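To keep things clear, I will list the structure first and then write my remarks on it.
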Amino acid sequence: MKVAVVGATGLVGSKMLQVLAERNFPVTELFPVASERSIGKEVAFKGKNYKVISYQDAIAAKPNVAIFSAGGSTSLELAPKFAEAGITVIDNSSAWRMDPSKKLVVPELNADALTADDKIIANPNCSTIQMVVALNPLHKRYGIKRIVVSTYQSVTGTGKKAVDQLFNERKGAENGPMAYKYAIDLNVIPQIDVFLDNGYTKEEMKMVNETRKIMRDDNILVTATTVRIPVVGGHSESVNVEFADDFSIDEVKQLLSEAPGVVVQDDPAEQIYPMPLWAHEKDEVFVGRIRRDETQPNTLNLWIVSDNLRKGAATNAVQIAEYLAGKGLL
Ligand SMILES: NC(=O)c1ccc[n+]([C@@H]2O[C@H](COP(=O)([O-])OP(=O)(O)OC[C@H]3O[C@@H](n4cnc5c(N)ncnc54)[C@H](OP(=O)(O)O)[C@@H]3O)[C@@H](O)[C@H]2O)c1
């Protein structure tokens, strides 16, 4: 497989290279692409250095697949150019996710919908991916009516500049790069992405709309509050979910422990529950604090943690590529 990684110098792009190598994706040629400022710089893949090239050179090399993590506007401009050249694009930005002509894919849930005609495939938002991977097996069994989610999101979700801001603040360095309007160290910022007219942020509405699209059910009600915290290992989510049918906690744990990509970490007696500290550099979605909401019927509380750069971005994209390659669709 000839593979282009667009945004190869970024946080997600570097993780993409790492995950492609770790999972032994059959890369025969690699074409790293970034902005014009980075052309000629080198990125490492499987112990070898590769020079960053322009997108034009990458298209001319006719890769089988191009995995994009270079921001929404770059994707809007460049993904169609790759697709027109017959190259399958797997895109990590929000540019194509809600386009009705594009599939929004979490392989555990809906990769079966992909065909050779899908030339631009969208990778969902990181906070949505981890939530739907955990909730889908429960939805199939009990039918989700409503989800109330609050997130505790890692600075790695914002990109390199945000990680630099956090560590600069921690060192006490002054005049460092500011990815956020406010300090993030020793703080919590209840805003992720821009505010919309309805008072919610774009990140919050991504969780509402993407969940319905991926789970193929517009009746699922979702309300979200998304929050940035000074953490690097992954995103955490407090999820309250109301089902149509009643459940038993034992069966919920059983369903989750059998679900692909999910690990149950739930032993209050031993103080075992998911944390970014443990989820960091892992591909799975970790679920714990599984308990009945005692204030209303058929309602469950969960705590869901995953490494947003892996399952929330790079791993999910590489799994899509693996599915396409396995089905001969690339
Ligand atoms: N971080 C996450 O958890 C996460 C999760 C899911 C999706 N995403 C999405 O992935 C994308 C990248 O995120 P990130 O965290 O990796 O950001 P980042 O660390 O800031 O990296 C951005 C990457 O995009 C490249 N780029 C910028 N403009 C470009 C252009 N005109 N042409 C080609 N490449 C260009 C940059 O190249 P230079 O180095 O040359 O500037 C860099 O490689 C965003 O769309 C983000 O929403 C992120």
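Because the structure is a prediction, the values reported are computed rather than measured. Just so you know, ligand 1 is whichever comes first in the structure, and atom 1 is the first atom listed for that ligand.
Protein residues lining ligand 1, listed by chain and number: Gly7, Ala8, Thr9, Gly10, Leu11, Val12, Ala34, Ser35, Arg37, Ser38, Ser69, Ala70, Gly71, Thr74, Asn92, Ser93, Cys126, Thr156, Gly157, Gly159, Lys160, Asn308, Leu309, Gly312, Ala313 [non-hydrogen atoms, distance under 4.0 Å].
Under a 4.0 Å N-O distance rule, the pair Asp283/Arg310 qualifies as a salt bridge. With respect to Glu281 and Lys15, a salt bridge is recorded, a charged nitrogen being found less than 4.0 Å from a carboxylate O.
Crowding of Lys140 atom NZ: a count of heavy atoms from other residues, nucleotides or ligands under 6.0 Å not exceeding 12.
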Query raised in the report: Taking it one step at a time, do Ser248 and Asp250 satisfy side chain to side chain donor-acceptor pair (under 3.5 Å)?
Result: CA-CA 5 Å; Ser248 78; Asp250 284 347; 5.7 Å; no

Scan the side chains in residues 104-113 for donor-acceptor partners under 3.5 Å anywhere in the protein, sequence neighbours excluded, and list what turns up.
from	atom 1	to	atom 2	distance (Å)
Glu108	OE1	Lys311	NZ	2.8
Glu108	OE2	Lys311	NZ	3.2
Asn110	OD1	Val106	N	2.9
Asn110	ND2	Leu104	O	2.7

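Counting heavy atoms from C-beta outward, Leu17 and Leu30 have side chains that approach closer than 4.5 Å.
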